[in-house]
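Report on the following structure.
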Amino acid sequence: MSSLTTPPGQLRLPLLGETLAFLRDPDFAKKRHRQYGPIFKTQLLGNPTVFLKGAAANDFVLSHENQFFVVSWPPSVKRLLGPLSLALQTGALHLQRRKLLAQAFQPRALAGYVPVLAAISEQYLERWVALETLTWYPELRNYTFDIAGKLLIGLDDAAQTELGHWFATWCEGLFSLPLRLPWTRFGKAFRCREQLLTGLETLIRERQQAGSQGSDALGVLLRARDEDGQPLGLEELKDQVLLLLFAGHETLTSALASFCLLLAQHPAVKDRARAEQSQFRGVPLSLETLKQMTYLEQVLKEVLRCIAPVGGGFRQVLQSCEFGGFLLPQGWSVLYEINLTHQDSELFLAPEQFDPGRFSPERAEDKVKPFSHVPFGGGVRECLGKEFARLELKLFAAKLLQGYDWSLLPQDLTLVTVPTPHPKDGLKVRFYRQPLQGLSAATDSSVPMA
Ligand code: HEM
């Protein structure tokens, strides 16, 4: 190990290092990989940080959690999530808590969520028909928050409640300088964290007093017991619920917006997906029927490959180790890169093409090498809400394709990547009702990304 050198790249930089360029330039990593290869080092927020791309790198990082690597978040995120959040727990406690929280996303719980998902989707789809033209991204944010509010804590029209407003301000502070003053983004977000926790506590106490825990995720967590038969304490319950509200919200909004954008840009794919939906006309949506929509499944996988909602994951090196012939020193940060792995031409044929057929059983490009298609991460920290997210995406997509259509209005479609990818002008569209009659199955599904 002592003969190894650290990866190529720049460390001789002032305290902030290349942090601003990292946050502002969507091609930050791509440019440096071009210069240095699949592994390079830089300096972010005072920390030497190694960027790693490719299936083998993902495998190495995600399979050595708690051995060589431990999860690490910026100080602002840590303080706003709270010390008892699953995202910050490590080792045996993390595994134990994961098992407990996962109960809210078991197939039986998911099946129970379907009618609520369908009802909220219908309400929003009809609202958009009435609007005729709209900026879709903020609408989709309200939609995903209404769903999270209802399914996680039983709240109706959550985006319009006080809790929804606090949550929006809380989100704005997540990736900010952790300077707790009344006028800073972080200070305002911290204040909202306290209000959110008070609101959640009231809700939990009401349930406890009423003696009925409810059928939403909070109800599941109130009933859940760990291996010693202990329930989650009030303080932890509040931090965990806040994490779940957050984890699914921005990511899902980004994925839904990308689906709407990419299908508007690729009408042949949209037609074929609509043709598949004509087989399900009048069939009630359930986990079983959604599973049969195999082409839609390929489309959603391709959306998550082309525009991954989470670009990568930070870890801290617990113990010095070697990867790709380079030393990763203890205490340094690493970033495993999801989005650039998804653009790797050694893993995906013509990765710049939007081509759902790459996930067909005959081609199955994601099965060639493990850890090549990783929108939900992997290993012991793989997305806890993965199945819930897949359900929400698919149900929304099916309902949209079955009864409606949309086209893009003139706008700047450049992707802003922070906090999650979305079109700069918020995705302006014309939206209208369009029943499925008279469609024929289109076959061409391989077209360049616009
Ligand atoms: C398309 C939507 C989503 C995407 C792309 C996504 C992606 C991810 C990724 C990549 C990670 C791992 C990050 C890392 O390795 O550091 C993660 C973790 C997590 N996700 Fe998701 N996620 C989505 C939706 C959701 C939803 C709906 C929920 C819950 C309601 C959720 C809850 C979580 C939690 C709790 C973790 C932390 C797991 C742990 O640390 O053990 N996610 N997600």
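No experiment lies behind these values; they were computed from the predicted model shown. Read the numbers this way: they start at 1 and go in the same order the structure lists the ligands and their atoms.
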Next item on the list: Could you find the nearest protein heavy atom to atom 37 (C) of ligand 1 and give me its residue, atom name and distance?
Entry: Leu86 CD2, 4.5 Å
Next item on the list: If a pair satisfies salt bridge (Lys or Arg N to Asp or Glu O under 4.0 Å) and one of its residues is in residues 332-347, list it, with sequence neighbours excluded.
Entry: none
Check: Taking only protein atoms, how many N, O or S atoms are found under 2.8 Å from atom 21 (Fe) of ligand 1?
Finding: 1
Checklist line | Interfacing atoms of ligand 1 (cut-off 4.0 Å, heavy-atom, His94) | finding: 39 (C), 40 (O), 41 (O)
Item checked: Qualifying side chain to side chain donor-acceptor pair (under 3.5 Å) pairs, either residue in residues 138-156, two or more places apart -> Ser121-Tyr143, Tyr124-Asp146, Arg127-Glu139, Trp128-Glu139, Arg141-Glu250, Thr144-His249, Thr144-Thr253, Lys150-Asp156
Next item on the list: Please name the residue in the list Arg305, Lys301, Arg358 that meets the side chain to side chain donor-acceptor pair (under 3.5 Å) test with Asp366.
Entry: Lys301
Next item on the list: Assign the ring pair Phe259 / Phe396 to parallel, tilted or perpendicular, where the plane angle (0 to 90°) is split at 30° and 60°.
Entry: perpendicular
Check: Does Gln89 come within less than 4.0 Å of ligand 1, judged by its heavy atoms?
Finding: no
Item checked: Nearest protein heavy atom with distance in Å, relative to atom 40 (O) of ligand 1 -> Arg381 NE, 2.9 Å
Checklist line | Atoms in ligand 1 with a heavy atom of Ile338 nearer than 4.0 Å | finding: 10 (C)
Next item on the list: Write out the residue and atom name of the closest protein heavy atom to atom 16 (O) of ligand 1, then the distance separating them to 0.1 Å.
Entry: Arg315 NH1, 2.9 Å
Item checked: Contact summary for Arg97 and Leu86, nearest pair of heavy atoms -> CB-CD1, 3.7 Å
Margin query: Which of the numbered atoms in ligand 1 are under 4.0 angstrom from any heavy atom belonging to Pro375?
Written below: 5 (C), 7 (C), 10 (C)
Margin query: Quick check with a 6.0 Å cut-off and a 45 degree axis cone: is Lys188 positioned over the face of Trp166's six-membered ring?
Written below: no
Next item on the list: On the 0 to 90° scale, with breaks at 30° and 60°, tag the Phe431-Tyr404 ring pair as parallel, tilted or perpendicular.
Entry: parallel
Check: Measuring from the heavy atoms of Val71, does anything fall under 4.0 Å of ligand 1?
Finding: no
Check: Which of the numbered atoms in ligand 1 are below 4.0 angstrom from a heavy atom of Phe388?
Finding: 27 (C), 30 (C)
Item checked: ligand 1 to Arg98 polar contact by distance, N or O atoms, under 3.5 Å -> yes
Check: Which atoms of ligand 1 sit under 4.0 Å from any heavy atom of Pro309?
Finding: 5 (C)
Notebook entry, point to check: Can you tell me if Phe314 has a non-hydrogen atom under 4.0 Å from ligand 1?
Noted result: no
Next item on the list: Assert yes or no for the condition that the ring centre distance of Tyr336 to Phe69 is strictly below 6.0 Å.
Entry: no
Notebook entry, point to check: Is Trp73 in polar range of ligand 1, meaning some N or O pair under 3.5 Å apart?
Noted result: no
Note to self: At less than 4.0 angstrom from any non-hydrogen atom of Phe105, what atoms of ligand 1 do you find?
What the structure shows: 29 (C), 30 (C)
Check: Looking at Leu244, which atoms of ligand 1 are within less than 4.0 Å of one of its heavy atoms?
Finding: 30 (C)
Checklist line | Between Gln330 and Gln319, a side-chain donor and acceptor under 3.5 Å | finding: no
Checklist line | Region of Glu392 engaging ligand 1 - heavy atom pairs below 4.0 Å | finding: neither
Check: Which pairs count as salt bridge (Lys or Arg N to Asp or Glu O under 4.0 Å) when at least one residue sits in residues 306-334, sequence neighbours excluded?
Finding: Glu65-Arg315
Next item on the list: Please determine, by modelled atom types, if Ser286 and Thr289 share a side-chain donor-acceptor pair under 3.5 angstrom.
Entry: yes
Next item on the list: Looking only at non-hydrogen atoms, find the nearest pair between Cys306 and Phe354 and report the distance.
Entry: SG-CD1, 3.8 Å
Check: Considering only heavy atoms of Tyr336, which atoms of ligand 1 have at least one such atom less than 4.0 Å away?
Finding: 13 (C), 14 (C), 15 (O)
Check: Quick one: does Asp25's side chain have a donor or acceptor within less than 3.5 Å of a partner on Asp27's backbone?
Finding: yes
Margin query: Whether Arg32 engages the ring of Phe28 as a cation-pi pair (distance to the six-membered ring centre under 6.0 angstrom, angle to the ring normal within 45°) should be assessed.
Written below: yes
Check: Heavy-atom contact under 4.0 Å between Leu101 and ligand 1?
Finding: no
Next item on the list: Measure from the ring center of Phe40 to the ring center of His33 and say whether it is less than 6.0 Å.
Entry: yes
